**Q** 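Got a structure for you, written out below as structure tokens; questions coming shortly.
Chain naming here is simple, since letters A, B, ... match the order of the sequence lines and numbering starts at 1 in each. All figures in this text were calculated on a predicted structure; none of them were measured in a lab.
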Amino acid sequence: MEIPLFLYNSFSRTKEAFRPLDMNNVRMYVCGPTVYDRAHIGNARPVLVFDILFRLLRYLYGKDKVTYVRNITDIDDKINAKALERGVNIERVTEETIEWFHKDMDFLGALQPNYEPRATAYVSQMIDMVSKLISLSFAYPSEDGHVFFEVEKFADYGQLSNKKVGELKEGVRIENETSKRNPLDFVLWKPSSNEEPGWDSPWGRGRPGWHIECSAMAKDILGDQFDIHGGGIDLIFPHHENEIAQSTCSNDMKKFANFWLHNGFLKIEGEKMSKSLNNFLTVFDLIKRDFSGSAIRYNMLATHYRQPLDWKFERLAEAEKTLVKWNNKIRSKNEADLPKKVLNALLDDLNTPLSIHEMHQLFNKGKFDDLTDACEFFGFVAKDKKGSLEIPSELSENVDKLIKERNIARLSKNFSLADKIREDLLDAGIIIKDSGQETTWETSQNLEIKKLKKL
RNA sequence: GGCGACGUGGCGGAGUGGUUACGCAGCGGAUUGCAAAUCCGUGGACACCGGUUCGAGUCCGGUCGUCGCCUCCA
């Protein structure tokens with residue numbers, strides 16, 4: 001049976017029916033992080049978006065029939081700068097950042113990709129690719145140790161980003177580098193100073209340009225051609241455009257990736273996220289503020305992946321509330337069979353907001369078994385359930401004691417005392433729920449141990 | 001300047017020609033000592049102006065507005 005999955009292909013700028021090159025090995029490459037700092041929520045968007053696509057492909061084609069590659073860029077001048085600034089060596093920066101990244105993405109419930117190649121492990125493949133591009137005269141070395149890709153040699157340059165070489169030339173800024181034949185030519189290899197990381201190459205000691213790593217790693221792991229290449233929309237130009245140029249020209253002009261998928265950008269409370277505006281939000285910031293990973297996922301997937309997403313804490317709190325409501329009705333289970341309407345929404349270019357709408361419908365109709373399946377698929381089942389924040393047992397006993405006192409007060413109709421106890425507990429971050437004879441309590445996000453101790 | 005995206009009810013957010021998205025908030029009710037939680041019910045929208053059509057949020061043209069990329073960036 002044919003699988004009716006439609007995806008918006010940035011290359012053709014239309015929604016297309018997805019057909020894998022090989023049904024038994026569906027291949028996807030997604031541009032991963034440059035590891036020099038904590039992952040911000042903008043980094044988390046592609047991770048979560050393509051996590052859903054990964055899950056969907058596994059669901060449709062089989063768990064062992066999808067290969068997902070997400071690289072780690074650990075050669076970059078921003079990393080060098082960071083190491084210099086902190087006075088530590090480069091590996092220290094990259095290793096630490098990679099560990100943070102893994103922890104943060106695990107917290108968000110993202111499945112691990114099948115491969116997570118690091119640029120530093122693929123330098124020889126990059127050198128091979130650059131050499132080949134030179135031998136085919138798509139690229140040229142300069143006397144000062146650079147190698148450039150000659151954009152005008154690749155007739156299709158600009159197809160992905162819908163740019164014309166002639167127009168690009170007009171808008172190009174003037175650079176000091178005079179060793180380029182054409183200002184649009186981009187760096188494949190650049191020389192390193194003694195302080196900078198470098199590898200021996202036919203062009204002297206140097207390091208790769210940014211774009212070549214993805215081409216080399218994708219080829220090595222996935223082959224010359226594969227199904228899906230993804231990343232943030234800002235990568236279309238020049239990164240992905242240059243990847244296409246390098247890969248196509250070094251792979252006998254074979255088409256590189258069949259589908260190009262790009263997620264939209266992220267704003268914070270209506271403003272562009274930037275360090276200067278001091279609204280730079282990392283995933284770790286959210287963890288520290290005690291938001292759950294599943295709520296962050298929900299919030300991220302409640303907007304279609306191609307739309308711009310305005311990150312608001314109001315929305316995140318709403319997500320948290322919804323998931324608590326759902327999680328009270330669902331039970332965790334292992335094998336999920338997606339409800340039809342939820343699946344259909346995903347098949348139409350990953351319409352996750354519509355899927356979530358369908359999940360609300362399942363809840364409203366009391367179809368909790370189906371809701372469980374959907375939540376399992378989406379990673380919405382709370383592994384880190386609200387209301388179970390650890391508090392010391394003696395404090396917990398104290399809370400129980402206070403509730404007992406309150407219930408005695410209620411029975412003797414001393415409501416002012418009962419309400420006082422409830423309000424004090426609420427102020428300390430303990431929420432009380434009366435249901436029939438029983439009174440239960442849970443911790444809220446505003447839990448304050450200090451205040452609780454004083455009660 | 002070039003390329004592109006977007007403008008839906010208080011907020012969020014789907015929907016590419018033919019009853020209704022929906023969630024949150026609001027309002028009314030049930031429940032409660034009063035609340036919280038939960039449940040039931042409910043009003044409210046398609047930036048503006050033209051056009052096509054029996055019929056448009058949905059197609060076409062224009063106006064206004066917001067944003068992104070073109071330089072490192074998810």
**Q** Using atom C1' of each nucleotide, how far apart are B:A45 and B:U8 to the nearest Å?
**A**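 The same atom, C1', in both gives a distance of 6 Å.
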**Q** Need one value for A:Lys413: base, sugar-phosphate or nothing, where a base atom within 4.0 Å counts as base even if backbone is also close, heavy atoms only.
**A**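 Touches nothing.
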**Q** Which nucleotide, if any, forms a Watson-Crick or G-U wobble pair with B:G41, using both distances under 3.5 Å?
**A**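 Partner of B:G41: B:C27.
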**Q** May A:Phe265 be described as stacking on the base of B:G68, applying a 5.5 Å centroid limit and a 30° limit on plane angle?
**A**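 Check failed, A:Phe265 does not stack on base of B:G68.
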**Q** Are A:Phe11 and A:Phe259 close enough that their ring centres sit under 6.0 Å apart?
**A**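 For A:Phe11 and A:Phe259, the ring centres are not under 6.0 Å apart.
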**Q** A:Gly231 near the nucleic acid: base, sugar-phosphate alone, or nothing, with a heavy-atom cut-off under 4.0 Å?
**A**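 Result for A:Gly231 = sugar-phosphate.
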**Q** Is A:Arg406 touching bases, backbone alone, or none of the nucleic acid, heavy atoms closer than 4.0 Å?
**A**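 It contacts base atoms.
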**Q** Within the 4.0 Å heavy-atom criterion, would you say A:Glu358 contacts the bases, only the backbone, or no part of the nucleic acid?
**A**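 Result for A:Glu358 = nothing.
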**Q** What contact category does A:Lys325 fall into here, base, sugar-phosphate, or nothing, at under 4.0 angstrom with non-hydrogen atoms?
**A**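 Contact class for A:Lys325: sugar-phosphate only.
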**Q** Tell me whether the side-chain N or O atoms of A:Arg306 pair up with the base of B:C6 as donor and acceptor below 3.5 Å, since no angle test is needed here.
**A**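 There is none.
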**Q** Of all the nucleotides listed (B:G13, B:C34, B:A21), which has the minimum atom distance to the side chain of A:His357?
**A**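 That would be B:A21.
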**Q** Write down the partner of B:G1 under the Watson-Crick or G-U wobble criteria, each distance required to be under 3.5 Å.
**A**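 In the structure as shown, B:G1 has B:C70 as its Watson-Crick or wobble partner.
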**Q** Is it the case that the ring center of A:Phe148 lies less than 6.0 angstrom away from the ring center of A:His146?
**A**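 Yes, the ring of A:His146 comes within the 6.0 Å limit of the ring of A:Phe148, centre to centre.
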**Q** Mind checking A:Arg315 for me? I need base, sugar-phosphate or nothing, with any heavy atom below 4.0 Å counting as a touch.
**A**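 Sugar-phosphate, no base atom in range.
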**Q** If pairing requires Watson-Crick or G-U wobble contacts with both distances under 3.5 Å, which nucleotide is the partner of B:G9?
**A**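 Here B:G9 is not engaged in any pair, so there is no nucleotide opposite it.
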**Q** Judged by each residue's nearest nucleotide on RNA chain B, which is more toward the 5′ side, A:Ser161 or A:Ile356?
**A**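 Residue closer to the 5' terminus by nearest nucleotide: A:Ser161.
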**Q** Is A:Asp76 touching bases, backbone alone, or none of the nucleic acid, heavy atoms closer than 4.0 Å?
**A**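 Counting heavy atoms under 4.0 Å across all strands, no contact is made by A:Asp76.
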**Q** For the pair made of CG in A:Asp310 and C1' in B:C67, what is the distance, rounded to whole Å?
**A**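 Result: 11 Å.
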**Q** One thing to verify: whether A:Asp424 and A:Lys420 come together as a salt bridge, which I'm taking to mean a side-chain N less than 4.0 angstrom from a carboxylate O.
**A**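 Yes, this pair counts.
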**Q** Starting from the 5' end of RNA chain B, give me the residue, A:Tyr8 or A:His239, whose nearest nucleotide shows up first.
**A**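 Looking at the nearest nucleotide for each, A:Tyr8 comes out on the 5' side.
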**Q** Tell me whether the side-chain N or O atoms of A:Asp419 pair up with the base of B:A35 as donor and acceptor below 3.5 Å, since no angle test is needed here.
**A**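 No, the side chain and the base share no sub-3.5 Å donor-acceptor pair.
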**Q** Contact class for A:His262 vs. all strands (heavy atom < 4.0 Å): base, sugar-phosphate, or nothing?
**A**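 Contact class for A:His262: none.
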**Q** Take the protein atom CD of A:Glu318 and the nucleotide atom P of B:C11, then report the distance between them rounded to whole Å.
**A**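 Distance, rounded to whole Å: 13 Å.
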**Q** In whole Å, what separates the C1' atom of B:C64 from that of B:G50?
**A**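 Those two atoms are separated by 15 Å.
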**Q** Of all heavy-atom pairs between A:Ile212 and A:Met126, which one has the smallest distance, and what is that distance?
**A**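 Where A:Ile212 meets A:Met126 most closely, the heavy atoms are CG2-SD, 3.7 Å.
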**Q** With a 3.5 Å distance limit and no angle check, can you tell me whether A:Tyr140 reaches the backbone of A:Arg181 through a side-chain donor-acceptor pair?
**A**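 Confirmed, A:Tyr140 side chain pairs with A:Arg181 backbone.
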**Q** Rounded to whole angstrom units, what separation is found between the CD atom of A:Glu438 and the P atom of B:A36?
**A**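 After rounding, the gap between these two atoms is 20 Å.
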**Q** Dump the intermediate steps for side-chain contact (heavy atoms from CB on, under 4.5 Å) on A:Val30 and A:Asn71, then the final yes or no.
**A** CA-CA 7 Å; A:Val30 174; A:Asn71 70 295; over 6 Å; no
**Q** What interatomic distance, in whole Å, is found between P of B:A21 and the corresponding atom of B:G57?
**A**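 Result for the P pair: 12 Å, nearest Å.
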**Q** Rounding to a whole Å, what distance do you find between A:Gln361:CD and B:A21:C1'?
**A**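 Atom CD in A:Gln361 sits about 8 Å away from atom C1' in B:A21.
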**Q** Need one value for A:Lys78: base, sugar-phosphate or nothing, where a base atom within 4.0 Å counts as base even if backbone is also close, heavy atoms only.
**A**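 Sugar-phosphate contact only - A:Lys78 comes under 4.0 Å of backbone atoms but never of a base.
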**Q** Write down the partner of B:U20 under the Watson-Crick or G-U wobble criteria, each distance required to be under 3.5 Å.
**A**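 Paired with B:U20, as far as the under-3.5 Å criterion goes, is no nucleotide at all.
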**Q** In whole Å, what separates the P atom of B:G62 from that of B:C67?
**A**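 Between the two P atoms, the distance is 23 Å.
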**Q** From CG of A:Leu354 over to P of B:U20, roughly how many Å is that when rounded to an integer?
**A**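 Atom CG in A:Leu354 sits about 17 Å away from atom P in B:U20.
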**Q** Whole-Å distance between B:U20 C1' and A:Lys341 NZ?
**A**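 A:Lys341 atom NZ is separated from B:U20 atom C1' by 12 Å.
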**Q** Does A:Trp210 place a side-chain N or O at less than 4.0 Å from the phosphate oxygens OP1/OP2 of B:C73?
**A**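 For B:C73, OP1/OP2 do have a side-chain N/O of A:Trp210 under 4.0 Å.
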**Q** Look at all strands and tell whether A:Tyr298 reaches a base, only sugar-phosphate, or nothing, counting heavy atoms closer than 4.0 Å.
**A**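 The residue A:Tyr298 makes no contact with any strand.
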**Q** Take the protein atom CG of A:Leu235 and the nucleotide atom P of B:U71, then report the distance between them rounded to whole Å.
**A**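 After rounding, the gap between these two atoms is 14 Å.
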**Q** Between A:Arg207 and A:Asp77, does any side-chain N to carboxylate O distance fall below 4.0 Å?
**A**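 Salt bridge present between A:Arg207 and A:Asp77.
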**Q** With rounding to the closest Å, how many angstrom separate the C1' atoms on B:G23 and B:U42?
**A**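 16 Å, rounded to whole Å.
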**Q** When rounded to the nearest Å, what value does the distance between C1' atoms of B:G18 and B:A56 take?
**A**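 The same atom, C1', in both gives a distance of 10 Å.
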